[in-house]
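Below is one structure, written out as structure tokens, with a few remarks after it.
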Amino acid sequence: MTTRDIRNQTMLPIIGTLVRAYVVIAVLTVVALAILSAVAPDQAPRDAWVHAVVVVVFAALLPLRLRSAQRGSVAALRAVGIIAAVLFLANVIEAMIPDFAPGWMRIEMIVIALVMLGIIGSVVRERV
């Protein structure tokens, strides 16, 4: 191993579980929006769809970076932590904006923020 490799991968299984949870949340959010668009359009506004698209893009990106981290890439692990930090901040800020999204989506944003906080903490512990 080189100095660019992760030497102790004890937190990666936890990070993997949290990333999978995030992917499930992202998919369920899009499914919920699709259903709500048909039955209760006021619960699926355009801002909610924009949020969901961003969530899905990162749900595709995080597992890719995680796979590289699992192969030992410190840069990929750092990327996972940075992505999680950005998602944490974005979701907390969006959840605080009045009338940005319906109540159910504010809960989704808070759950995502908590999952990202878990990823950030795990990435930090992995690097210590």
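For reference, positions follow the sequence shown, starting with 1. None of the values given here were measured: they were computed from a predicted structure.
Across all non-hydrogen atoms, the minimal contact from Ala60 to Leu64 is O-CG, 3.4 Å. The two residues Gln70 and Leu12 come nearest to each other via the heavy atoms CA-CD1, 3.8 Å. Closest non-hydrogen pair, Leu18 versus Ser122, comes out as CD1-OG, 4.3 Å. Between Val115 and Tyr22 the shortest heavy-atom distance is CG1-CB, 4.2 Å.
Remark: Arg125 CZ to Ile14 CD1 distance equals 7.5 Å, nearest 0.5 Å. In this structure, Met11 CE and Ile119 CD1 are separated by 11.0 Å, a value rounded to the nearest 0.5 Å. For the atom pair CE (Met109) and CD1 (Ile97), the distance works out to 8.0 Å, reported to the nearest 0.5 Å.
Residues satisfying the side chain to side chain contact (heavy atoms under 4.5 Å, CB included) criterion with Pro63, sequence neighbours excluded, are Val19, Val23, Arg67. Every residue was checked against the side chain to side chain donor-acceptor pair (under 3.5 Å) condition with Gln43, not counting sequence neighbours, and none meets it. Remark: Trp104 engages no residue in a side chain to side chain donor-acceptor pair (under 3.5 Å) (not counting sequence neighbours). Thr29 meets the side chain to side chain donor-acceptor pair (under 3.5 Å) test with Glu108; sequence neighbours excluded.
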Quiz item: Is there a side chain to side chain contact (heavy atoms under 4.5 Å, CB included) between Arg20 and Leu66 once you walk through the steps?
Solution: CA-CA 10 Å; Arg20 283 188 295 281; Leu66 178 61; 5.5 Å; no
Quiz prompt | Chi angles and distances behind the side chain to side chain contact (heavy atoms under 4.5 Å, CB included) call for Ile15, Leu77 | solution = CA-CA 10 Å; Ile15 296 169; Leu77 182 63; 4.0 Å; yes
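Residues Ile107 and Ile25 are members of one and the same hydrophobic cluster, defined by side-chain heavy-atom contacts under 4.5 angstrom among Ile, Leu, Val, Met, Phe, Trp and Tyr. There is a path of hydrophobic side-chain contacts, each under 4.5 Å, that joins Leu61 to Met116. No chain of hydrophobic side-chain contacts below 4.5 Å, direct or via other Ile, Leu, Val, Met, Phe, Trp or Tyr residues, connects Leu114 to Met96. Residues Val24 and Leu62 fall into different hydrophobic clusters, defined by Ile, Leu, Val, Met, Phe, Trp and Tyr side chains chained together at heavy-atom separations under 4.5 Å.
A side-chain donor from one of Arg71 and Ser68 sits under 3.5 Å from a side-chain acceptor of the other.
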Would you give me the side-chain donor-acceptor pairs under 3.5 Å for residues 78-90, sequence neighbours excluded?
none

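For Arg65 (side chain) and Ala76 (main-chain N/O), no donor-acceptor pair under 3.5 Å exists by modelled atom type.
Judged as a side chain to side chain donor-acceptor pair (under 3.5 Å), the pairs with a partner in residues 84-101 (not counting sequence neighbours) are, in order, His51-Glu94.
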